[in-house]
Amino acid sequence: MATPLIAWFRQEARDLPWRRPGFPAWGTLVSEIMLQQTQVARVVPRLEAWLTRWPTPADLAASPPADAVRAWDRLGYPRRALALHAAASAIAEQHDNVVPRNVDALLALPGIGDYTARAVAVFAYGDRHPVVDVNVRRVLARALLGQGEPGPAKAKQDLPLMESVLPADRDDAAATNAAVMELGALVCVARSPACDACPIADRCAWRAAGYPEHDGPRAPKQSKFAGSDRQVRGLVMAELRASDVPVTRSEIEPVWPDAEQLDRALASLLRDGLAVGDDASGYRLPDG
DNA sequence: CTCCAGCGCA
DNA sequence: TGCGCCGGAG
């Protein structure tokens, strides 16, 4: 299955910044964090600006976390910006400003889990590991398991399954990882897969079975955004990002009518370290 | 409405 | 293991 996938990838892969020759490992790390639950099209411009401003981890570590949160802009899940700043500090101080190559060392960094650790080791350093994201899980569920959609994520099963598909050769393994992800993003998409354009359609278990409806357990549906604490947090963060001076409680209140929910959101932002301050001194992004 | 190169916590 | 966490495009 790897051979036709690699051939297809050589032909059809999108021209993306992190696939440029010579793209630094630090850039790969930043891009992977930004791409967690955020689409490629929204990431690319933020990534370019980020790397221009902070070409190495130490450059980011030398700036206050507030600058990282502002540069993150509206990519969403701003805890990622805070984690990336903390990871940059750890890399600068404990790894001689070199992004780790070892998966366990990567996993020890904040904001880096099973997916991102292996993605950096594979795409930045060319090592041989299974890289499993939602695209990979969907492609494997269909091609290998004959199921229309991937069930709830199970790293214990997903990683060995992808591993079983990887060629022995390091470079071929890395290309296969990238190819399966790209196939899931461009062809084997969630809603209406373009099986006519699929390089492995002739050996897809789901297609061979006549596209049966998914029966097993489903991935949990994500909760509503409208009216959620997440929405309120986002509105408060927008206020904090926009101000160079502490924002008073009365300046924050207009963003949301429910005072109790606003309190809850603000408290959670303080708990996450995304905001600092109090009613007396006002609230601001973390500067230390 | 759903989906998106997930992570970290209880 | 389930859930909360952002925001924009289709």
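Residue numbers start from 1 in every chain, and the chains themselves are labelled A, B, ... in the order their sequence lines are given, proteins ahead of strands.
- Every residue meeting the side chain to side chain contact (heavy atoms under 4.5 Å, CB included) condition with A:Pro130, not counting sequence neighbours, appears here in chain and number order: A:Leu159, A:Met162, A:Glu163, A:Leu166.
- Protein atom CZ of A:Arg264 is 14 Å distant from nucleotide atom C1' of C:dC5, rounded to whole Å.
- Residue pairs meeting the salt bridge (Lys or Arg N to Asp or Glu O under 4.0 Å) criterion with at least one member in residues 99-111 of chain A, sequence neighbours excluded: A:Arg101-A:Asp127.
- Residues from residues 27-39 of chain A lying near DNA chain B, meaning a heavy-atom separation below 4.0 Å, are A:Glu32, A:Leu35, A:Gln36, A:Gln37, A:Gln39 in numerical order.
- As judged by a 4.0 angstrom heavy-atom cut-off over every strand, A:Trp18 is placed among the base-contacting residues.
- Legend: residues meeting side chain to side chain contact (heavy atoms under 4.5 Å, CB included) with A:Ser63, ordered by chain and number and at least two apart, are A:Trp54, A:Asp67.
- Going from atom CZ of A:Arg42 over to atom P of C:dA9 covers 7 Å, rounded to whole Å.
- Using a 4.0 Å cutoff to heavy atoms of chain A, the contacted part of DNA chain B runs 5' to 3' from B:dC1 to B:dG8.
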Would you be so kind as to tabulate the donor-acceptor pairs closer than 3.5 Å made by side chains of residues 176-190 of chain A, with sequence neighbours excluded?
| unit_1 | atom_1 | unit_2 | atom_2 | d |
| --- | --- | --- | --- | --- |
| A:Thr176 | OG1 | A:Asp172 | O | 2.7 |
| A:Asn177 | OD1 | A:Val131 | N | 3.0 |
| A:Asn177 | ND2 | A:His129 | O | 2.8 |
| A:Asn177 | ND2 | A:Ala173 | O | 3.3 |
| A:Glu182 | OE1 | A:Arg14 | NH2 | 2.9 |
| A:Glu182 | OE1 | A:Arg19 | NH2 | 2.8 |
| A:Glu182 | OE2 | A:Arg14 | N | 3.0 |
| A:Glu182 | OE2 | A:Arg14 | NE | 2.9 |
| A:Glu182 | OE2 | A:Arg19 | NH1 | 3.1 |

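- Listed by residue number, there are no residues of residues 269-279 of chain A with a heavy-atom contact under 4.0 Å to DNA chain C.
- Residue-to-nucleotide proximity on DNA chain B shows that, of A:Lys221 and A:Val134, the 5′-proximal contact is made by A:Lys221.
- In the region residues 135-142 of chain A, proximity to DNA chain B at under 4.0 angstrom, judged on heavy atoms, holds for A:Asn135, A:Arg138.
- Residue A:Thr116 is in sugar-phosphate contact alone, with no base atom involved, counting any heavy-atom pair closer than 4.0 Å across all strands shown.
- Formation of a donor-acceptor pair under 3.5 Å by the A:Trp26 side chain with backbone atoms of A:Val30 is not found in this model.
- For residues 172-200 of chain A, proximity to DNA chain B is found at A:Met181, A:Ala190, A:Arg191, defined as any non-hydrogen atom under 4.0 angstrom from a strand atom.
- Listed by first and then second residue, the salt bridge (Lys or Arg N to Asp or Glu O under 4.0 Å) pairs involving residues 30-46 of chain A amount to none (not counting sequence neighbours).
- Remark: A:Asp215 pairs with no residue by the side chain to side chain contact (heavy atoms under 4.5 Å, CB included) rule, at least two apart or across chains.
- Of the residues in residues 74-82 of chain A, A:Arg74, A:Leu75, A:Gly76, A:Tyr77, A:Pro78, A:Arg79 come within less than 4.0 Å of DNA chain C through at least one heavy atom, sorted by number.
- As judged by a 4.0 angstrom heavy-atom cut-off over every strand, A:Lys156 is placed among residues making no nucleic acid contact.
- Two residues are said to be in side-chain contact when any heavy atoms from C-beta on lie closer than 4.5 Å; A:Leu109 and A:Pro100 meet this criterion.
- Ion pairing between A:Arg118 and A:Asp133 fails under the 4.0 Å rule for side-chain N and carboxylate O.
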